[in-house]
Amino acid sequence: MLVPKKDRLAVYSQLFKDGVMVAKEDLGAKRHIDLKDVPNLHVVKLMQSLMSRGYVKKQFSWCYYYYFLTDEGIEYLRGYLNLPPEIIPATLKKPTRAPGGMGGPPGAGGPPGAGGRGGGGGGYGDKKMGPGGEFHPSFREGTSGGVGRGAGGFGGSRDGGRDAYRPASGAPQAL
């Protein structure tokens, strides 16, 4: 498919900048999600071309195509876009830490519960998982009644409740 050079440059530069590209399965969409001036069909076909050459990997989920740039794709796009080796995609950049970091005062940063922005120690980090030491559940101790599977019938006995109701000896018996 013939794609205008300005669209190709826009798609390639966005792909190199982020390291990933998301495209909706709708090939008839007038515009791409991120690139407003490029039709979605051009993005999908350019990614298909890069995928056939091994420069991107494709993952499909819930009507969206997810394209991930490979190492060979980084080298190809760096040559195509005339970029220096110092510039790398965002997926390969190391996340930078906040100036407060993990060792700063409470409330400066870090995960919740560890003295970070999440609050002073009341988050997930302090929560004990599971029941306490005094919790001892008992299920069907003896022949006590209950509801649910196999709990028995009328009185909860194992014989299905046949012994639970016995008419008086002088009462008339039904046939």
Side-chain angles (χ1 to χ4, degrees), residues 1-137 139 148-149:
M1 173 175 204
L2 294 175
V3 178
K5 190 167 186 174
K6 68 174 186 72
D7 291 352
R8 184 183 307 265
L9 285 173
V11 170
Y12 284 179
S13 62
Q14 182 74 24
L15 176 63
F16 189 84
K17 184 181 88 166
D18 295 338
V20 295
M21 180 67 75
V22 179
K24 197 168 183 179
E25 186 184 21
D26 182 17
L27 299 179
K30 299 290 181 193
R31 295 190 165 117
H32 184 259
I33 301 166
D34 297 328
L35 305 168
K36 301 298 181 192
D37 297 333
V38 180
N40 195 44
L41 179 65
H42 290 177
V43 174
V44 171
K45 290 302 177 181
L46 285 171
M47 292 297 112
Q48 185 178 4
S49 173
L50 290 175
M51 190 181 66
S52 69
R53 292 183 268 172
Y55 296 147
V56 295
K57 292 182 182 177
K58 178 174 79 168
Q59 180 71 38
F60 181 77
S61 178
W62 290 84
C63 297
Y64 282 91
Y65 295 110
Y66 298 92
Y67 298 98
F68 305 97
L69 199 56
T70 62
D71 292 336
E72 295 84 21
I74 292 172
E75 294 303 319
Y76 171 75
L77 289 180
R78 187 173 284 142
Y80 188 87
L81 298 171
N82 297 321
L83 297 173
E86 297 85 33
I87 298 176
I88 58 173
T91 54
L92 297 180
K93 291 181 183 176
K94 301 278 185 192
T96 58
R97 301 245 175 180
M102 295 291 281
R117 291 183 297 204
Y124 290 109
D126 295 338
K127 183 177 180 183
K128 291 182 181 179
M129 299 304 289
E134 65 278 352
F135 179 70
H136 300 290
F139 301 104
R149 296 172 179 246

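A quick note: this is a predicted structure, and the numbers were derived from the prediction, not measured.
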Can you check side-chain contact (heavy atoms from CB on, under 4.5 Å) on Thr70 and Tyr76, steps first, answer last?
CA-CA 10 Å; Thr70 62; Tyr76 171 75; over 6 Å; no

Given Ser13 and Lys17, is the side-chain contact (heavy atoms from CB on, under 4.5 Å) satisfied, shown in steps?
CA-CA 6 Å; Ser13 62; Lys17 184 181 88 166; over 6 Å; no

In sequence, state the C-alpha distance, the side-chain angles, and the governing distance for Val43 and Tyr65, and then conclude on side-chain contact (heavy atoms from CB on, under 4.5 Å).
CA-CA 10 Å; Val43 174; Tyr65 295 110; over 6 Å; no

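Pairing each heavy atom of Arg8 with each of Tyr80, the nearest pair is CD-OH, 3.0 Å. The two residues Pro89 and Gly19 have their closest heavy-atom pair at CB-CA, 3.8 Å. A pairwise comparison of heavy atoms in Asp18 and Thr91 identifies O-CG2, 3.1 Å as the closest pair.
Between the side chain of Arg78 and the backbone N or O of Phe16, no donor-acceptor pair lies under 3.5 Å. Formation of a donor-acceptor pair under 3.5 Å by the Asn40 side chain with backbone atoms of Lys24 is found in this model.
Between Leu69 and Leu77 the shortest side-chain heavy-atom distance falls below 4.5 Å. A heavy-atom distance below 4.5 Å is found between the side chains of Val56 and Leu15. Using a 4.5 Å heavy-atom threshold, the side chains of Tyr12 and Leu46 count as touching. Counting only heavy atoms from C-beta outward, the side chains of Met47 and Val44 never approach each other to under 4.5 Å. At least one side-chain heavy atom of His42 sits less than 4.5 Å from a side-chain heavy atom of Pro4. Side-chain contact between Leu9 and Lys5 is present, with at least one heavy-atom pair separated by less than 4.5 Å. Here the side chains of His32 and Met21 are in contact, with some heavy-atom distance below 4.5 Å. Residues Leu50 and Tyr67 have side chains not in contact (no heavy-atom distance under 4.5 Å, counting atoms from C-beta outward).
A tilted orientation is assigned to the rings of Tyr66 and Tyr64, their planes being inclined by 30° to 60°.
We find the CG-CD1 distance between Leu83 and Ile74 to be 11.5 Å, quoted to the nearest 0.5 Å. Rounding to the nearest 0.5 Å places NZ of Lys45 at 7.5 Å from CE of Met1.
A 6.0 Å sphere centred on CZ of Arg31 holds no more than 12 heavy atoms belonging to other residues, nucleotides or ligands.
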